[in-house]
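Quick one: structure below, then a few questions.
Reckoned from all heavy atoms, side chains included, excluding hydrogens, waters and symmetry mates. Predicted model only: the values in this text are computed from it and were never measured.
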Amino acid sequence: MKRRPEGVRTRVVHCDVGFLKTLKTFHGGHMRFSKTCVPTLRETPSEAEAASHRLLLRAGYIRRLASGLYIFMPLGWRVMERINAVIREEMARIGAQELLLPVLHPADIWQKTGRWFEIGEEMFRLRDRTGRDMCLGMTHEEIMTWLASREIRSYRELPQVWYQIQTKLRDEARPKSGIMRTREFIMKDSYSFDRDENGLARSYSLHEEAYHRIFRRCGLRFYQVESDPGMMGGAGAHEFMAPSPAGEDDIALCASCGYAANVELARSVPPEAEPVEMPFEEVHTPGKRTVQEVSAFLGLSPEHFIKSLLYVSDSGPVLVLLRGDQELQERKLQRLVGPCRPARKEEVVEILGVEPGFIGPMGQQVRTVADEVLREGVYVSGANRADHHVKGIRPGRDFTAEWADLHLAKAGDGCSACGSPLRIERVIEIGNIFKLGTKYSVPLKAYYLDENGKEHPIVMGSYGIGPARIAAAAVEQNHDDNGIIWPEGIAPFDAMVLPLQMNSEDVLRVSEEIYRGLTDRGIDVFIDDRDERAGVKFKDADLIGIPLQVIVGEKGLRDGVVELKTRRTGEKRTVKADDAAGEIAEVIRRARQPAAGSA
RNA sequence: CGGGGCGUAGCGCAGCCUGGUCAGCGCACCUGCCUUGGGAGCAGGGGGUCGGUGGUUCGAAUCCACUCGCCCCGACCA
């Protein structure tokens with residue numbers, strides 16, 4: 001071990017012995033600031049942009065090791081463990097069993113489901129010393145299903161819900177926003193095993209309930225929205241989304257009927273185009289390529305145009321048609337035609353025989369898919385001839401196409417269910433639930449025997465929660481200029497005691513009494529026993545964001561009181577210094593009611 | 001992977017355009033005095049291969065090339 005140079009005083013020491021005793025449960029506990037590594041920063045490190053990233057760094061909760069790799073400092077880890085404790089309680093409530101799987105997986109299991117080949121660079125791969133292919137788990141469907149295939153034989157053993165809180169590794173293309181998107185992260189992932197679809201539906205709704213309880217207890221505002229099952233495969237999927245401008249996803253919401261979906265699949269009805277009449281004719285449009293240019297040139301608004309885009313899929317080129325004022329939601333296209341990308345300019349010329357800008361739906365031989373919005377009306381589009389467009393195109397008469405929902409839902413579009421205007425909100429994905437069906441159980445041979453001795457694949461679901469995302473979202477939704485304001489359910493401590501004058505015997509005595517008194521009552525307390533000026537302690541306390549501050553100063557003690565400051569509101573009240581702990585404990589107990597909920 | 005930006009003391013930054021007292025500032029840290037309810041004051045002090053490598057030059061933090069790392073936007077996100 002390297003020795004520190006003489007004379008360098010270390011601030012990194014151990015926590016209270018008393019805390020060690022309770023450490024096992026991660027509940028309860030008390031710590032002294034002077035003996036805890038809480039390196040607060042007066043200034044924001046330049047790498048941080050998002051509020052949660054900035055504040056968690058400044059308040060000493062996290063440190064960055066490398067891009068997308070974060071260290072949880074003592075306070076940060078306490079928050080994570082509090083979140084995990086909430087998750088464990090709620091998982092237990094629905095009868096889920098906790099277990100722990102390896103992070104290092106043999107390749108052959110992933111090869112059996114095909115994901116070894118489908119997943120690209122995002123999977124960390126390696127070989128062991130014998131040359132066997134291995135990977136680091138980015139999720140655990142394969143391993144859980146493997147386990148089930150060996151251990152579950154009979155319908156009598158179903159249903160089962162297994163979960164773990166385990167590290168996942170994904171070589172993210174772009175880690176970002178501190179702990180929001182990292183390459184290594186902890187995830188609660190559970191898997192349900194049922195004999196049929198009805199059983200799955202039950203397991204699924206149990207998880208829905210558990211997730212609502214978990215996120216509410218963590219003090220988050222959140223939505224449950226329909227999501228894209230994607231490559232997870234299967235019948236249905238929802239995401240739990242915490243609204244925040246720092247998020248990475250957008251969701252569409254209908255205030256009147258409650259429709260809520262990720263924009264990746266949200267259906268919407270764009271505003272109708274004013275009907276116009278135009279004769280069928282080719283027009284000269286020299287150098288006018290984009291919808292905007294042609295629209296201005298012809299004096300016709302964009303919704304009277306057909307936008308033609310060429311994509312290249314694994315099965316060949318696809319011509320995509322959208323109304324001129326609409327944008328393509330690529331996910332929707334991918335669900336229809338498989339993985340695809342926009343064609344390059346040369347490819348467009350080669351495949352369609354015309355330059356981008358003058359492509360149109362008429363007379364082309366390639367597979368053509370068109371957004372439903374185009375079914376009715378008369379349009380202008382490219383003539384498939386340089387510098388020319390065609391007016392008066394009627395879908396169905398002048399071209400045929402596969403019809404599909406392809407456009408991106410926008411704010412103000414009509415709700416596809418009830419017609420009311422949709423709202424779009426930016427969100428952080430904090431959890432997801434998927435109906436997997438038999439996508440994994442079949443290839444991995446996870447079968448059970450029914451009452452008649454007949455073999456069936458187990459019907460599965462998978463359900464994830466990102467505790468670090470919860471922490472990040474909680475900070476995003478709960479902070480002010482001075483720092484973090486933790487929701488009561490996940491704060492690293494319930495209360496923080498601030499002795500303002502460390503040279504005053506009375507201040508110290510009362511502070512210690514409160515510290516011990518609260519601890520004895522099962523309250524988690526942090527005491528700032530550093531020999532710092534009052535101002536420093538106030539600033540750090542606000543930054544760190546523990547919900548209740550107990551301010552013990554000579555000023556108050558002269559009147560026989562200590563002050564309680566609520567971090568969120570800044571409100572202060574006084575309580576008698578004698579036996580203050582009892583009253584403070586009562587205040588904390590009352591504040592523990594969950595504050596937020598499904599938005 | 002495409003686009004943009006940034007690497008100078010633990011943190012935040014100036015200096016770079018126009019090479020030459022440019023190794024500098026604030027905070028933090030150490031010592032002393034003083035102060036003690038919202039990141040005090042004064043005095044003194046320690047700390048930097050200017051991300052790395054190679055070039056241009058009498059001379060490079062500064063110009064050029066390559067390289068590594070990091071951040072932001074986009075793509076991706078099983």
Strictly under 3.5 Å: I want the nitrogen or oxygen pairs between protein and nucleotides 3-9 of chain B, one per line.
none

**Asked** Are the side chains of W162(A) and M144(A) in touch, meaning some heavy atoms are under 4.5 Å apart?
**Response**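 Answer yes - side chains close enough.
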**Request:** Would you verify whether the NZ or CZ of R530(A) falls within 45 degrees of the ring axis of F33(A) while also being under 6.0 Å from that six-membered ring's centre?
**Result:**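 Yes, R530(A) sits over the ring of F33(A).
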**Prompt:** Of the candidate nucleotides U36(B), G39(B), C11(B), which contains the atom at the shortest distance from the side chain of P45(A)?
**Reply:** C11(B)
**Message:** For E429(A), give me all partners under side chain to side chain contact (heavy atoms under 4.5 Å, CB included), at least two apart in sequence or on another chain.
**Reply:** E239(A), M241(A), D249(A), N432(A), R469(A)
**Complete:** Of the candidates G39(B), U36(B), C72(B), the side chain of R174(A) sits closest to C72(B)
Report all interatomic pairs (protein N or O, nucleotide N or O of nucleotides 69-71 of chain B) with separations under 3.5 Å.
residue: C70(B); atom: OP1; partner: S67(A); partner atom: N; Å: 2.9
residue: C71(B); atom: OP2; partner: S67(A); partner atom: OG; Å: 3.0

**Message:** If you go through the side-chain atoms of E43(A), does one of them form a donor-acceptor pair with the base of G26(B) closer than 3.5 Å?
**Reply:**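 By the distance-only test, yes, there is a pair.
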**Item:** Residue-phosphate contact under 4.0 Å: R533(A) side-chain N/O, A40(B) OP1/OP2
**Value:**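 Checking R533(A) against A40(B): at least one side-chain N or O falls below 4.0 Å of OP1 or OP2.
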**Message:** Tell me if the side-chain of E563(A) makes a donor-acceptor pair with the base of G37(B), cut-off 3.5 Å, by modelled atom types.
**Reply:**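 Counting by modelled atom types and ignoring angles, a donor-acceptor contact under 3.5 Å is found here.
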**Message:** Could you check whether the side chain of R42(A) and the base of G38(B) have a donor-acceptor pair of N or O atoms closer than 3.5 Å, going by distance alone?
**Reply:** no
**Message:** What's the gap between A60(B) and G52(B) when it is taken at their C1' atoms, as a whole Å value?
**Reply:**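 Approximately 15 Å lies between the C1' atom of A60(B) and that of G52(B).
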